[in-house]
Amino acid sequence: MKVDILAIGVHPDDVELSCSGTLLRHMDQGKTVGLLDLTRGELGTRGTAEIRDQEAADAAELLGASFRKTLEMEDGFFAYNPENIKKIIAIIREHQPEIVLCNAVDDRHPDHGRAAKLTADACFYSGLVKIPTYDAEGNPHERWRPKAVYHYIQDFNLKPDFVVDISEYMERKLDLVKAFRSQFYVPDAKEYEQELSSPISSKSFMDFLKAKAATYGRPAGFDFGEGFTVPRTPGIQDLFQLS
């Protein structure tokens, strides 16, 4: 199943928090989207891996993604090694995305930056014919390199290279985040009232998400925006295509 955009996060909910407005906008334009989680987020303070599995599936259904997969790398301790690079390469080659969105290059959580390099390098190596990977039936994949890799911005306020207008998608984005009921502030999620609090479980964090989107959107003339950084300078052929 080929998709236009593959959105990759090291933890379930990374994509929803950081680039789901962008995905919603492009899906409304007819683009197809697939999701990939590198881990199950089993080290999260709240909930369990099993709960997060179900929440991730619920969020993917709400988004309308073509698929959501997890590579079940070890949360917190996954390594930058050939085995993990090849796991990502196999997904890229199977679904042949034109664009990959992935974790922030620098962030509060150490997994994010490590995952950013792991994913970006896998996108490059996926185009090398001498790195073999195989499908479930043992057939060799064809090589494939995405046209672009964009890193979404997460907790740290990095300077974006571009901002996507998500003004009309902000509330839907928050609904996608709230699909992870064990992790975030959802007033009717009474079943998690006795869980330990975390930096992301309070109402103030949900307020922060909206304020952050407003902060990134304002310089671009948008009510709300999602920021991205790029590993190489993008080129354009038409100055009038820039908003």
Side-chain angles (χ1 to χ4, degrees), residues 7-25 27 33 35-65 68-70 72-73 75-76 101-104 106-113 115-116 151-158 164 166-217 223-228:
I8 302 176
V10 65
H11 307 116
D13 71 30
D14 282 354
V15 165
E16 285 77 9
L17 286 166
S18 305
C19 67
S20 57
T22 297
L23 297 179
L24 288 165
R25 167 171 284 281
M27 291 173 73
V33 168
L35 308 178
L36 177 64
D37 302 318
L38 302 188
T39 78
R40 299 171 70 199
E42 61 269 22
L43 291 185
T45 300
R46 297 162 62 90
T48 65
E50 292 74 21
I51 288 171
R52 298 190 76 174
D53 287 345
Q54 184 58 57
E55 291 171 340
D58 292 343
E61 183 177 2
L62 185 61
L63 175 67
R68 186 172 208 145
K69 297 182 177 181
T70 178
E72 299 190 14
M73 296 180 191
D75 189 12
L101 308 180
C102 60
N103 286 99
D106 182 34
D107 206 45
R108 170 181 170 273
H109 196 308
D111 282 2
H112 294 170
H151 296 274
Y152 47 77
I153 294 173
Q154 299 187 259
D155 198 64
F156 284 176
N157 287 324
L158 306 181
V164 176
I166 65 163
S167 301
E168 61 188 291
Y169 301 99
M170 189 67 220
E171 293 307 316
R172 289 174 64 189
K173 170 180 175 153
L174 293 177
D175 287 341
L176 288 168
V177 172
K178 291 174 185 176
F180 293 87
R181 293 169 59 87
S182 68
Q183 302 301 303
F184 302 106
Y185 176 76
V186 181
D188 67 348
K190 304 299 184 184
E191 66 271 36
Y192 300 112
E193 284 183 333
Q194 302 307 312
E195 292 268 10
L196 294 173
S197 62
S198 77
I200 62 173
S201 64
S202 67
K203 181 181 182 299
S204 65
F205 180 77
M206 300 301 290
D207 295 337
F208 162 77
L209 283 182
K210 198 163 186 177
K212 188 181 186 76
T215 299
Y216 278 119
D223 290 335
F224 298 104
E226 289 175 337
F228 296 82

> Side chain of Lys212, backbone of Asp155: donor and acceptor closer than 3.5 Å?
Replying inline: yes
Under 4.5 Å between any side-chain heavy atoms of Leu23 and Leu35, yes or no? yes
Output for pair (Ser20 OG, Arg25 CZ), nearest 0.5 Å, gives 13.0 Å
_Do Ser201 and Gln183 make a side-chain contact, defined as non-hydrogen atoms from C-beta onward lying under 4.5 Å apart?_
no
Here the pair of heavy atoms bringing Gly76 nearest to Asp111 is N-OD2, 3.1 Å
- request: Report yes or no: does Glu72 contribute a side-chain atom to a donor-acceptor pair with the main-chain N or O of Thr39 at less than 3.5 Å?
  value: no
>> I want to check something: taking the side chain as every heavy atom from C-beta on, are Leu101 and Ile8 in contact at a cut-off of under 4.5 Å?
In response: no
Rounding to 0.5 Å, atoms OG1 (Thr215) and CZ (Phe208) come to a distance of 8.5 Å
Output for pair (Ile51 CD1, Phe180 CZ), nearest 0.5 Å, gives 12.5 Å
**OP:** Mind running side chain to side chain contact (heavy atoms under 4.5 Å, CB included) on Tyr185 and Ser202 for me, showing each step along the way?
**Re:** CA-CA 5 Å; Tyr185 176 76; Ser202 67; 5.8 Å; no
Practice problem: Could you tell me whether a side-chain N or O of Ser167 sits under 3.5 Å from a main-chain N or O of Phe224, the two making a donor and an acceptor? | Solution: yes
- Does the side chain of Phe205 reach to within under 4.5 Å of the side chain of Phe184, using non-hydrogen atoms? yes
Interatomic distance, CD@Glu16 vs CD@Glu55, rounded to 0.5 Å, equals 10.0 Å
Test side chain to side chain donor-acceptor pair (under 3.5 Å), reference Arg40, set Asp53, Thr70, Asp75, output is Asp53
Task: Lys/Arg N to Asp/Glu carboxylate O, Glu61 vs Arg68, below 4.0 Å - done: no
For Ile153 and Tyr216 the tightest heavy-atom approach is CG2-OH, 3.3 Å
Heavy-atom closest pair (Leu196 atom, Arg46 atom, distance to 0.1 Å) is O-NH1, 2.9 Å
salt_bridge(Lys173, Glu168) N-O dist < 4.0 Å
no
**Study point:** Leu24 vs Leu176, side chain to side chain contact (heavy atoms under 4.5 Å, CB included): CA-CA, chis, key distance, verdict
**Key:** CA-CA 10 Å; Leu24 288 165; Leu176 288 168; 4.0 Å; yes
*Heavy-atom side-chain contact between Phe228 and His151 under 4.5 Å*: no
Rounding to 0.5 Å, atoms NZ (Lys178) and CG (Asp13) come to a distance of 15.0 Å
May I ask you to decide if Ala104's main-chain N or O and Asp107's side chain share a donor-acceptor pair within less than 3.5 Å?
no
One should read off an interatomic distance between Leu63 CG and Asp175 CG, to the nearest 0.5 angstrom, of 12.0 Å
Inset, instruction - For residues Lys203 and Pro187, determine if any side-chain heavy atom of one lies less than 4.5 Å from a side-chain heavy atom of the other. - result: no
For Pro12 and Gly41, the nearest pair of non-hydrogen atoms, with its separation, is CD-N, 3.6 Å
Determine whether the side chains of Asn103 and Gln154 contain a donor N or O and an acceptor N or O closer than 3.5 Å. yes
Q) Run the side chain to side chain contact (heavy atoms under 4.5 Å, CB included) check on Leu38 and Leu36 step by step: do they pass? A) CA-CA 6 Å; Leu38 302 188; Leu36 177 64; 4.3 Å; yes
When every non-hydrogen atom of Glu195 is compared with those of Thr45, the smallest separation belongs to OE1-O, 4.2 Å
Taking every heavy atom of Ala213 against every heavy atom of Met170, the minimum-distance pair comes out as CB-SD, 3.7 Å
query = Can Asp37 and Arg52 be counted as an ion pair, charged N to O under 4.0 angstrom?
reply = no
Next on the checklist: Would you say that Tyr152 contacts Val15 through its side chain, given a criterion of any heavy-atom pair below 4.5 Å between the two side chains?
Outcome noted: yes
Does some side-chain heavy atom of Arg181 sit less than 4.5 Å from a side-chain heavy atom of Asp188? yes
